[in-house]
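Written out below as structure tokens is the structure these notes cover.
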Amino acid sequence: MRILHLSYEWLFRLVRLGSEICVFSMIGLLFIDVIGRYIVKRSTLISYDLTGYYLVGITYLGAAYALREGSHLRITVFTDNMRPRTRIWWYFFVDIIALFFVVVLFVKSVDLVRYSLETGQRSTSFMGEPMWVPELIVPIGLGMYILEDLRNLYVTGKHLLGKRIVESQDGAEEKSER
Amino acid sequence: MTESALIIQVILCMGLLLLFMAAGMRIFASMIVAAIIPAYFLLDTIEMTTYIPFNSAASWSLSAMPLFVFMGTICLYGGLSEGLYRGASILIGGLRGGLLHSNIIACALFSAISGSTTATAVTVGSVAIPELGKRGYSEIITTGSLAAGSILGSIIPPSTVFIIYGSMTNTSIGKLFFAGMLPGIALAALYMVVILIWVTLDPSVAPKVKVQGFANVLEGLKDLFPILFTSGVVLGGIYFGLYTPVEGGAVGCITAIVVSLLKGKLTWGALHKAALATVKTTSFLMLIIVTSSVLTNVLAGFRIPYQIAQWIVHLPLPPLAILISFCVMYLILGCVIESIPLLVMTLPLVFPVMVKLGFDRIWFGVIVTLLIQIAMITPPVGLSLYAVQGLRGRGNLMDVIKGVMPFLLAAIVMVGMVIAFPSLSTWLPSYMME
């Protein structure tokens with residue numbers, strides 16, 4: 001169990017690192033492009049496409065991290081009136097429904113990668129890169145999000161079935177007092 | 001299509017969205033549920049979920065968002081905003097109302113390097129609340145002015161809301177940035193008038209202050225220099241056409257890093273923290289935008305935006321009355337829905353109507369941004385109210401709500417002023433260099 005946990009954390013950090021690399025690469029590439037245009041009178045020609053791909057990286061590779069940090073907003077104006085335990089049960093079921101639809105997105109994003117691979121789709125830009133490469137970021141990020149959501153649901157479910165609940169910031173996750 | 005079929009489709013899409021959002025489902029997930037169910041049952045296809053998640057995220061114009069978020073967080077963790085409050089209080093604290101004006105000016109200045117309302121509230125509030133408390137200012141007016149001042153973060157450029165609006169409506173983000181400049185400054189001035197009136201009517205809310213000498217004013221300007229320099233490099237370059245808003249974001253990040261290094265405040269830890277904060281904010285905002293694109297595609301599949309625009313345009317009402325009705329709708333929805341979700345939910349339906357009625361898209365962008373920022377300070381779901389109350393850490397949220405009310409009124413007056421005088425928002429962008 002411990003090895004599984006450590007492997008999962010290692011994978012989580014690796015994906016998060018990918019999103020951080022996208023932030024720094026985006027800044028660096030765009031800055032070089034501006035400097036290049038005014039100092040050596042040349043542009044990198046690749047910044048337009050790559051910047052979009054970096055944004056895809058930040059969005060999807062960072063999704064699981066944003067989930068762990070409780071950043072994906074919910075509207076709590078109605079659920080705030082529930083009793084704490086009822087609210088956690090409620091979020092548990094709502095999150096299961098949501099997860100099903102995220103899985104649909106994941107499956108569809110795999111379809112896109114498979115289609116691009118099979119048909120040999122390439123970008124029409126200067127680089128002419130195979131499209132499945134940047135498209136692969138979406139299923140990787142969504143896959144990590146699904147794993148993180150499953151982990152949350154597992155932890156919540158385990159505690160709901162017996163232990164005392166202490167609410168976390170997100171409202172859906174909880175920790176045992178013991 | 002018959003009117004009844006249209007109503008059924010709207011109820012199905014928007015009803016599902018509101019139902020799941022009200023049930024507490026994460027907002028981006030509610031959008032995807034509201035898109036997939038009607039698409040599967042009524043359009044017999046969910047193919048849009050295959051390509052839109054990638055295509056709408058790989059957006060050049062939206063790339064400005066993480067860059068400005070990173071720039072703001074570097075200013076925060078790299079010590080650029082440290083002297084901000086002190087500088088503002090030296091320069092403006094001599095006015096009647098004293099440091100309450102500094103709250104507004106500090107928020108306005110921080111807005112010029114950060115596109116986030118909550119970041120503005122937290123940055124200025126964390127210094128201002130203990131300081132004003134120590135000096136005997138009323139907590140009601142202190143917290144109210146801070147919550148209200150924070151919404152300047154998304155009106156004074158750079159602004160995340162303008163980036164999203166520009167990307168969703170294909171409007172120049174650079175022009176939107178400068179369209180928000182004058183209304184932002186005018187709103188700050190209006191807030192200061194509110195403070196002056198409040199302090200005049202009830203002098204007990206603020207102690208008497210002494211006017212600062214010239215040497216102190218110079219000291220204040222020195223404190224503000226890092227922030228003014230960074231925002232000047234970004235906004236000046238965009239205004240004079242040296243770089244696009246996206247490139248301006250990258251230049252701003254490097255400038256903020258260099259200035260922080262020169263101040264000796266930048267560490268690896270701060271860079272790492274700023275990158276993680278950027279990832280967190282961008283991912284949550286982008287997932288809402290991406291899933292709203294899927295929903296918009298489904299709505300377009302039913303021709304709902306077109307049908308609604310046709311229906312509203314043919315109502316026997318003058319265009320201004322329709323615009324004001326939308327403003328009222330935003331104010332009401334803003335009480336229960338957060339600002340960005342409110343924007344991405346409503347824009348696909350409202351924007352085509354505004355275009356069909358012949359309204360200027362930049363002018364409407366400023367109006368809608370002001371309206372959804374007002375949502376940040378309207379109870380019960382006003383994030384800025386909670387952010388300020390969280391910083392205060394004692395007392396009741398009701399104090400913040402009471403304190404923000406006069407400022408809320410001022411913000412609504414500002415919306416009226418932008419509607420009445422469109423040049424407030426269109427004059428500055430008209431002189432912008434391409």
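Chain A is the first sequence line, chain B the second, and so forth, proteins listed ahead of strands; every chain is numbered from 1.
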Quick check, are the ring centers of [X] and [Y] under 6.0 angstrom apart?
X: B:F68; Y: B:F177; answer: yes
X: B:F20; Y: A:F101; answer: no
X: B:H272; Y: A:F24; answer: no

With a 4.5 angstrom heavy-atom cut-off, which part of [X] approaches chain A: side chain, backbone, both or neither?
X: B:L287; value: both
X: B:F70; value: side chain
X: B:L285; value: neither
X: B:L67; value: side chain
X: B:V290; value: side chain
X: B:L276; value: both
X: B:I337; value: both

Determine the option with the most heavy-atom pairs under 4.5 angstrom with chain B, choosing from [options].
options: A:L55, A:V23, A:L29, A:V94; answer: A:L55
options: A:Y53, A:F100, A:F78; answer: A:F78
options: A:G141, A:S109, A:G62, A:G28; answer: A:G62

Top residue by heavy-atom pair count (under 4.5 Å) with chain A, among [options]?
options: B:P53, B:G249, B:A29; answer: B:P53
options: B:I257, B:T244, B:T50, B:I27; answer: B:T50
options: B:I289, B:I288, B:V251, B:L242; answer: B:L242

- Query: Is any side-chain heavy atom of A:L30 less than 4.5 Å from a side-chain heavy atom of B:Y243?
  - Reply: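 Not in contact.
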Quick check on [X]: does its [atom1] atom have over 12 non-hydrogen neighbours (other residues, nucleotides or ligands) under 6.0 Å away?
X: B:N396; atom1: CG; value: yes
X: B:W60; atom1: CH2; value: yes
X: A:L6; atom1: CG; value: yes

- List in chain and number order the residues that pass side-chain hydrogen bond (donor to acceptor under 3.5 Å, both in side chains) with B:T230, two or more places apart in sequence or in another chain; answer none if no residue qualifies.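 Result, side-chain hydrogen bond (donor to acceptor under 3.5 Å, both in side chains) vs B:T230: none returned.
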- Give, for atom CG of A:L117 and atom CD of A:E135, the distance between the pair rounded to the nearest 0.5 Å.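 Here the rounded value is 9.0 Å.
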Under 4.5 Å from any heavy atom of chain B, what part of [X] do you find: side chain, backbone, both or neither?
X: A:Y48; answer: both
X: A:M131; answer: side chain
X: A:V110; answer: neither
X: A:F106; answer: neither
X: A:V56; answer: both
X: A:Y38; answer: side chain

- Taking salt bridge (Lys or Arg N to Asp or Glu O under 4.0 Å) as the test, write out the residues that go with A:E129, two or more places apart.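 A:E129: no salt bridge (Lys or Arg N to Asp or Glu O under 4.0 Å) contacts found.
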- Message: Looking only at the side chains, is there a donor atom on one of A:Y91 and A:T79 sitting less than 3.5 Å from an acceptor on the other?
- Response: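 On atom types as modelled, these side chains qualify, holding a pair under 3.5 Å.
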- Query: Would you say the side chains of B:T117 and B:Q373 form a donor-acceptor pair under 3.5 Å?
  - Reply: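 Looking only at side-chain atoms, B:Q373 and B:T117 do form a donor-acceptor pair, the distance falling under 3.5 Å.
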- Item | salt bridge (charged side-chain N to carboxylate O under 4.0 Å, His left out) contacts touching residues 23-37 of chain A (sequence neighbours left out) |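 Listed once each, the pairs are A:R37-B:E247.
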- Item | Whether A:H72 and B:F28 hold their rings parallel, tilted or perpendicular, with breakpoints at 30° and 60° |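 Because their plane-to-plane angle lies in the 30° to 60° range, the rings of A:H72 and B:F28 count as tilted.
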- Output, in order, the C-alpha distance, side-chain angles, deciding distance and verdict of side chain to side chain donor-acceptor pair (under 3.5 Å) for B:Y330 and B:T346. CA-CA 9 Å; B:Y330 274 109; B:T346 53; 2.8 Å; yes
- Query: Using non-hydrogen atoms and a limit below 4.5 Å, what part of residues 9-22 of chain A faces chain B?
  - Reply: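 Listed by number, the contacting residues are A:R16, A:S19, A:E20.
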